[in-house]
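Each remark here refers to the structure printed beneath this line.
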Amino acid sequence: MMPFFQIGELTLYTFGLMMGLSFCVAYWLGEVYIRRHNMRLSMSFMLPAILTAGLIGSKLDGFLVLDGLLHHRNLADMSWSAFISSEYVFFGGLICGTLVTLAILHVRGIPLAEALDAAPIVAICYGIGRIGCLLAGDGDYGIPTSLPWGMTFPHGIVPTLVRVHPNPIYQTIYAGVIFLVLWPQSIAKDYPRRPRGSIGVDTFLWMGICRFATEFISRNHKFFAGLTEAQWVSVVLIIGMLVLRRQLDRPSRSMQVSNHAQSMTHIA
């Protein structure tokens with residue numbers, strides 16, 4: 001791992017570099033998606049608003065939930081510096097970023113389902129961000145393991161000499177697979193024949209499932225009933241996406257029944 005490196009007197013932090021790279025990837029892929037679907041949007045307007053909301057939301061999640069609820073700290077006694085030094089938590093950023101996205105789409109009159117299918121971009125940016133966590137050794141690694149790919153982080157921000165599960169690698173892998181499978185579908189020529197929103201639903205469904213699974217070998221504090229905060233958010237995400245998937249499948253089934261009835265009429 002390499003939390004930072006020097007170029008002359010300039011110190012560059014690898015987590016920040018990976019976060020910056022994820023922003024660049026989000027901008028580029030977002031523009032590709034917008035142009036492919038002729039949407040009345042611009043990433044130069046969308047991205048700053050979403051990123052600002054996401055960063056604030058991830059900090060609030062770390063400050064209120066991790067520091068406040070899990071570490072039982074009195075928030076009234078916590079300072080601005082405590083907020084700044086709190087951890088970034090993905091789901092807090094996802095929630096706030098989503099709320100800002102919904103507001104922008106509502107103002108612009110763009111259907112949510114069509115924008116939702118750009119969700120594979122969220123997956124790949126999440127994976128890139130996790131590479132930053134790995135390089136920084138910021139404590140997002142998992143519990144001790146004897147598996148041959150276990151890693152130590154002697155010079156990490158949160159150092160450990162014990163071989164542990166490299167959770168950021170697992171998360172980067174599943175995020176990358178989700179992106180590679182679903183992104184081509186979101187910009188494919190046959191996209192107009194797909195139920196709007198189905199790609200986005202599948203993206204968040206599988207991200208929720210994978211994150212829920214990897215949390216069993218994480219070091220995160222148990223939030224309630226033996227599950228971490230990320231697992232509870234994943235449960236809500238999974239249930240919500242399954243409900244949406246069922247709703248999206250209904251028109252398809254109705255159309256199939258209608259087409260079958262029409263073909264039987266022609267035969268008769």
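R219 contributes atom CZ, which lies 13.0 Å from atom OG1 of T228 (distance to the nearest 0.5 angstrom). The distance from atom CG of L47 to atom OG of S42, rounded to the nearest 0.5 Å, is 10.0 Å. Rounding to the nearest 0.5 Å places CZ of R40 at 5.5 Å from CD1 of I110. Atom CZ of R196 is separated from atom CZ of R194 by 10.5 Å, given to the nearest 0.5 angstrom. Atom CD of E114 and atom OH of Y191 lie 5.0 Å apart (nearest 0.5 Å). Here the straight-line distance linking atom SG of C96 with atom CG of L51 works out to 13.0 Å at 0.5 Å rounding.
The main-chain N or O of V181 is found under 3.5 Å from a side-chain atom of Q185 such that the two form a donor-acceptor pair. In this structure a side-chain-to-backbone donor-acceptor pair under 3.5 Å is missing from T52 to A49. R36 places a side-chain N or O within 3.5 Å of a backbone atom of I187 that can act as its donor or acceptor partner. Judged purely by atom type and a 3.5 angstrom limit, Q231 uses its side chain to pair as donor or acceptor with the backbone of F212. Side-chain N or O atoms of D140 include none that pairs as donor or acceptor with a backbone N or O of C133 at under 3.5 Å. Side-chain N or O atoms of R163 include one that pairs as donor or acceptor with a backbone N or O of G150 at under 3.5 Å. Checking side-chain atoms of H37 against main-chain N and O of V32 turns up no donor-acceptor pair under 3.5 Å.
Paired with I178 under the rule side-chain contact (heavy atoms from CB on, under 4.5 Å), one option of D202, T203, I124, I173 passes, and it is T203.
No more than 12 heavy atoms of other residues, nucleotides or ligands shown are found within 6.0 angstrom of OH on Y13. Surrounding CG of L161 are at most 12 heavy atoms belonging to other residues, nucleotides or ligands under 6.0 Å away.
No single ILVMFWY cluster, assembled from side-chain heavy atoms under 4.5 Å apart, contains both V236 and V201.
At a threshold of 4.5 Å between non-hydrogen side-chain atoms, the residues V162 and T152 do not count as touching. Contact annotation: the side chain of I169 never approaches that of W149 to less than 4.5 Å [non-hydrogen atoms, C-beta and beyond]. Using a 4.5 Å heavy-atom threshold, the side chains of L134 and F153 count as touching. You'll find the side chain of M19 stays beyond 4.5 Å of the side chain of I128, heavy atoms only. Between L17 and L12, some side-chain heavy-atom pair lies under the 4.5 Å cut-off. Contact of the S218 side chain with the I143 side chain is not registered, since no non-hydrogen atoms from C-beta on lie closer than 4.5 Å. Considering only heavy atoms from C-beta on, C125 comes within 4.5 Å of I121 through its side chain. By the 4.5 Å heavy-atom criterion applied to side chains, I217 and Y170 are counted as neighbours.
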### Query
What's the verdict on side chain to side chain contact (heavy atoms under 4.5 Å, CB included) for T160 and Y141, showing C-alpha distance, side-chain angles and the deciding distance?
CA-CA 10 Å; T160 178; Y141 47 77; 3.6 Å; yes

### Query
Hey, mind stepping through R211 and Y126 against side chain to side chain donor-acceptor pair (under 3.5 Å) and telling me if it holds?
CA-CA 11 Å; R211 181 60 187 267; Y126 172 75; 3.1 Å; yes

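Among all heavy-atom pairs drawn from Q171 and Y174, the shortest one is CA-CE2, 3.4 Å. Taking all atoms of both residues into account, the shortest heavy-atom contact from G200 to A119 is CA-CB, 3.8 Å.
Between the side chains of E229 and N220, not a single donor N or O lies within less than 3.5 Å of an accepting N or O. No donor-acceptor contact under 3.5 angstrom links the side chains of Y33 and D117, judged on distance only.
Remark: R108 qualifies as a cation-pi partner of F45 under the 6.0 Å distance and 45° angle criteria applied to the six-membered ring.
Ring-plane geometry between F179 and W183 is classed as parallel, the angle between the planes falling under 30 degrees on a 0 to 90 degree scale with a further cut at 60.
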